[in-house]
Amino acid sequence: MNPPVRVRMAPSPTGLLHIGSVRTFLFNWLFARPKGGEVLLRIENTDTSREVEEATEQIQRSLEWLGIDWDGPVRFQLDRMEDAQRLARQLVDEGKAYEDEGAIRFRMPDEGVTAWDDVVRGRVEVPNESIEDLVILRGDGRPTYNFANPIDDMLDAITHVIRGQDHISNTPKQLLILRALGAEPPVYAHVPDVLGDDGKKLSKRHGAQSVDDFRRQGYIPEALVNFLARLGWAYDDQKEVFTREELLRLFDLETVTPSPAVFDFQKLSWLNGVHLRELSPKEYADRVVEYIRDAGLDWDEELVRRAAPLVQEKIEKLDQFPGYTRFFFEEVSPAVPLDGAGPVLEQAEQILADVEPFEAEPIERELRSLAERLELKPREAFQPIRIAVTGSKVSPGLFESLELLGRDETLTRLATVRGAAA
RNA sequence: GCCCCCAUCGACUAGCGGCCCAGGUCACAGCCCUUUCAAGGCUGUAGCGCGGGUUCGAAUCCCGCUGGGGGCACCA
């Protein structure tokens, strides 16, 4: 029987949820869930201000949107304040810690090495002489991070600590504290950082940073999760696209790379397009509707739903939707000159006035035969119509667009520009 | 200064001694398809940081160097 697994996701309540943290949390989640393990959400707070409360809400919303769930109530580092104080006194009584100007310091060994077998890095050894005696309790009685953290892990019975590589140097300290407390240390796994294209840690100036930023820019959870999982991990030498279920089944913490990875927005966008195209038409429309609403656009939902299928294959991020479909919802004026297009537009107008029914297929048939009669290449004949009706050189499929726009509106737009184009 | 971590195409990675004059994906370039834009198909450019070992044989193992990154708080 496998021992029960319990991991924890431990964000700092400072601002919005950073995408790098999300990657670490995702690894925790992907590691624990398939084993039937538990996932705890613990806020690493040092105070209980209004900001902490808001950030906590925000963090939960982001995780929910991503589909990363956790067990039980959200915990807070400060909840263990009294335990920390008790344990610190215990260490003093046992001679393992001592008072120093009102604070309590943990006594680090002077010789030997402290080592552990890191799941992603292998054996890591740190000479004890390089570790200074650590303040575990401040003068005001509050525990410091490197004391509160291992105590929380111990009391929560965490079996695997999967965290960012910036914690590597904290690990020997925490390990020594845990041993002094007589606790069985958890297994540690330090996952690599996520960097921007300049080799620095990903931040706002790289374009996006928080889950909210990505959401606003039209990325969907499926793509983000897939992309993040592939940053620092690969299943084999072929597979790039993973569903959440596949990741749950195939992810392996042991094969996570130890080297840091650069966040490639272009590849994320590509993946986003892939996952967007894989959604069912219904699901796709739901996402578009939600995005449009969140973007503050007051567009008719029914029309948005009908326009959605016309661009499912064309956009890779939801924020491109308005650009392609705005003409369905708002008046447009051609942004491009239509010199010499008068005849085509006039005849198209006549034809479109009579097509029955006013649907993509018959519309296409009639317009194609018009092009033939005029001895125009398809694009020469269709492009002016597209521009006249959509206001742009780029649009969803012309015939489907006309159908959705409707006969009346189509004819009106044609008539409006015809004069100017003559 | 001290400690720790990392090192394959521009990017993400496969590779765990011979199957690799290094494979896949994004990006980029060209071609095809095509009503625009996409999507799709095909082709191409491009990489094992350097130096020593070990070995019949090294991208793969060892050492050094160089280059990145993190840490050394009564921050988390």
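Each chain gets a letter, A, B and so on, in the order its sequence line appears, and its residues count up from 1. Note that the structure is predicted; figures quoted are calculated from it, not measured.
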| request: Report yes if some heavy atom in the side chain of A/Arg89 is under 4.5 Å from a heavy atom in the side chain of A/Glu94; otherwise report no. | output: no
| Sole candidate of A/Arg75, A/Arg42, A/Met9 that passes side chain to side chain contact (heavy atoms under 4.5 Å, CB included) when paired with A/Trp70 | A/Met9
| query | How long is the line joining CG of A/Asp237 and P of B/C48, in whole Å? | reply | 20 Å
| request: Check every strand shown and say whether A/Gly232 touches a base, only sugar-phosphate, or nothing at a heavy-atom separation below 4.0 Å. | output: sugar-phosphate
| Closest heavy-atom contact between A/Arg216 and A/Asp319? | O-CB, 4.5 Å
| said: Generate the contact string for nucleotides 59-64 of chain B. Rules: B means base contact, S means sugar-phosphate contact only, - means no protein heavy atom under 4.0 Å. | reply: ------
| message | Partner lookup for B/C56, please. Criteria are Watson-Crick or G-U wobble with both distances under 3.5 angstrom; report none if nothing qualifies. | response | B/G18
| field | Residue A/Leu231, side-chain atoms from C-beta onward, closest of B/C12, B/A76, B/C6 | value | B/C12
| said: Counting the atoms with a prime plus P, OP1 and OP2 as sugar-phosphate, which does A/Asn170 contact under 4.0 Å by heavy atoms, base, sugar-phosphate, or nothing? | reply: base
| field | Between A/Gln165 and A/Asp193: side-chain donor-acceptor atoms closer than 3.5 Å | value | yes
| query | Can you tell me how far P in B/C37 sits from the matching atom in B/C28, rounded to whole Å? | reply | 15 Å
| A/Glu240 (side chain) and B/G24 (base): donor-acceptor pair under 3.5 Å | yes
| For A/Leu26, the option from A/Leu66, A/Leu231, A/Leu63, A/Leu228 that meets side chain to side chain contact (heavy atoms under 4.5 Å, CB included) | A/Leu228
| said: Within residues 135-155 of chain A, which residues have any heavy atom lying less than 4.0 Å from an atom of RNA chain B? | reply: A/Val135, A/Arg138, A/Gly139, A/Thr144, A/Tyr145, A/Asn146
| request: Report yes or no: do A/Asn128 and A/Glu111 form a side-chain donor-acceptor pair below 3.5 Å? | output: no
| Taking for each residue the nucleotide of RNA chain B with the nearest heavy atom, is it A/Glu313 or A/His167 whose nucleotide lies nearer the 5' end? | A/Glu313
| message | Check A/Glu403 with A/Arg306, please: is the shortest side-chain N to carboxylate O separation under 4.0 Å? | response | no
| remark: Partner of B/C37 under the Watson-Crick or G-U wobble criteria, both distances under 3.5 Å, comes out as none
| remark: Any strand, both distances under 3.5 Å, Watson-Crick or G-U wobble: B/G47 pairs with none
| request: Look at the side chain of A/Arg386 and the base of B/U35, then say whether one donor and one acceptor between them are separated by less than 3.5 Å. | output: yes
| message | Using a strict threshold of under 4.0 Å (side-chain N to carboxylate O), is an ion pair present between A/Lys200 and A/Asp198? | response | no
| task | Using the C1' atoms only, state how far B/A14 lies from B/G52, rounded to an integer number of Å. | result | 28 Å
| Just checking A/Val124: base, sugar-phosphate only, or nothing, at a heavy-atom cut-off of under 4.0 Å? | sugar-phosphate
| said: Which nucleotide, if any, forms a Watson-Crick or G-U wobble pair with B/C2, using both distances under 3.5 Å? | reply: B/G71
| In whole Å, what separates the P atom of B/G18 from that of B/A39? | 39 Å
| Does NZ or CZ of A/Lys239 come closer than 6.0 Å to the centre of the six-membered ring of A/Phe242, within 45° of the ring's axis? | yes
| query | Separation of A/Tyr235 atom OH from B/C12 atom C1', in whole Å? | reply | 19 Å
| Under 4.0 angstrom, heavy atoms only, what part of the nucleic acid is A/Glu129 near: base, sugar-phosphate, or nothing? | nothing
| said: Between B/G51 and B/A58, how far apart are the two P atoms, rounded to whole Å? | reply: 14 Å
| message | I'd like the P distance from B/G24 over to B/C9, given in whole Å. | response | 16 Å
| query | Applying the side chain to side chain contact (heavy atoms under 4.5 Å, CB included) test to A/Phe147, which of A/Asp152, A/Val135, A/Leu91, A/Leu134 qualifies? | reply | A/Leu91
| query | Nearest to the side chain of A/Arg379, which nucleotide is it out of B/U13, B/G70, B/U35? | reply | B/U35
| request: Choose from B/C3, B/G69, B/U35 the nucleotide whose nearest atom is closest to any side-chain atom of A/Val126. | output: B/C3
| query | Hey, are the side chains of A/Ser259 and A/Pro192 touching, using non-hydrogen atoms and a 4.5 Å cut-off? | reply | no
| request: Identify which nucleotide among B/C4, B/U13, B/A38 has an atom closest to any side-chain atom of A/Thr257, counting heavy atoms from C-beta outward. | output: B/U13
| note | Between A/Glu132 and A/Asp236, whichever has its closest RNA chain B nucleotide further toward 5' is A/Asp236
| Which part of the nucleic acid does A/Gln77 contact within heavy-atom distance under 4.0 Å: base, sugar-phosphate only, or nothing? | sugar-phosphate
| note | Of B/A14, B/U35, B/C37, the nucleotide closest to the side chain of A/Lys314 is B/C37
| query | Taking atom types as modelled, is there a side-chain donor on A/Ser269 or A/Tyr219 under 3.5 Å from an acceptor on the other? | reply | yes
| query | Does the pair A/Glu356/A/Arg407 count as a salt bridge with the N-to-O cut at 4.0 Å? | reply | yes
| field | From A/Leu78 atom CG to A/Asp47 atom CG, the distance as rounded to the nearest 0.5 Å | value | 7.5 Å
| query | Partner of B/C9 by Watson-Crick or G-U wobble geometry, both contacts under 3.5 Å, or none? | reply | none
| Value in whole Å for how far the P atom of B/U34 lies from CZ of A/Phe399 | 13 Å
| said: What's A/Thr390 touching, base or sugar-phosphate or nothing? Going by heavy atoms closer than 4.0 Å. | reply: nothing
| task | Looking at every strand, decide which applies to A/Pro127 at a 4.0 Å heavy-atom threshold: base, sugar-phosphate, or nothing. | result | sugar-phosphate
| Can you find a donor-acceptor N/O pair under 3.5 angstrom joining the side chain of A/Asn45 to the base of B/A76? | no
| request: Under 4.0 Å between any heavy atoms, over every strand shown, what does A/Phe227 touch: base, sugar-phosphate, or nothing? Just pick one. | output: nothing
| task | Considering only atom C1', compute the distance from B/U8 to B/C48 and round it to an integer number of Å. | result | 4 Å
| said: With a cut-off of less than 4.0 Å, is there a side-chain N or O of A/Lys239 near OP1 or OP2 of B/U25? | reply: no
| field | Nucleotide nearest A/Arg230 (side chain, heavy atoms from C-beta), chosen from B/C12, B/U36, B/U35 | value | B/C12
| note | Within residues 258-282 of chain A, the residues having a heavy atom closer than 4.0 Å to RNA chain B are A/Pro258, A/Ser259, A/Pro260, A/Ala261, A/Val262, A/Asp264, A/Gln266, A/Lys267, A/Trp270, A/Arg277
| request: Please determine, for the side chain of A/Gln238, which listed nucleotide (B/G69, B/U35, B/G23) has the closest atom? | output: B/G23
| request: Taking atom C1' in both B/A22 and B/U54, compute the distance separating them and give it to the nearest angstrom. | output: 23 Å
| field | Short side-chain to backbone donor-acceptor contact, A/Glu246 and A/Thr243, under 3.5 Å | value | yes
| Between B/A73 and B/C26 - P atom distance, rounded Å | 46 Å
| field | Test log, rule salt bridge (Lys or Arg N to Asp or Glu O under 4.0 Å), inputs A/Glu409 and A/Arg413 | value | CA-CA 6 Å; A/Glu409 186 61 25; A/Arg413 293 187 184 189; 2.8 Å; yes
| field | Distance, rounded to the nearest Å, where A/Asn226 contributes CG and B/G24 contributes P | value | 20 Å
| remark: When rounded to whole Å, the OH to P distance for the pair A/Tyr98 and B/C74 reads 11 Å
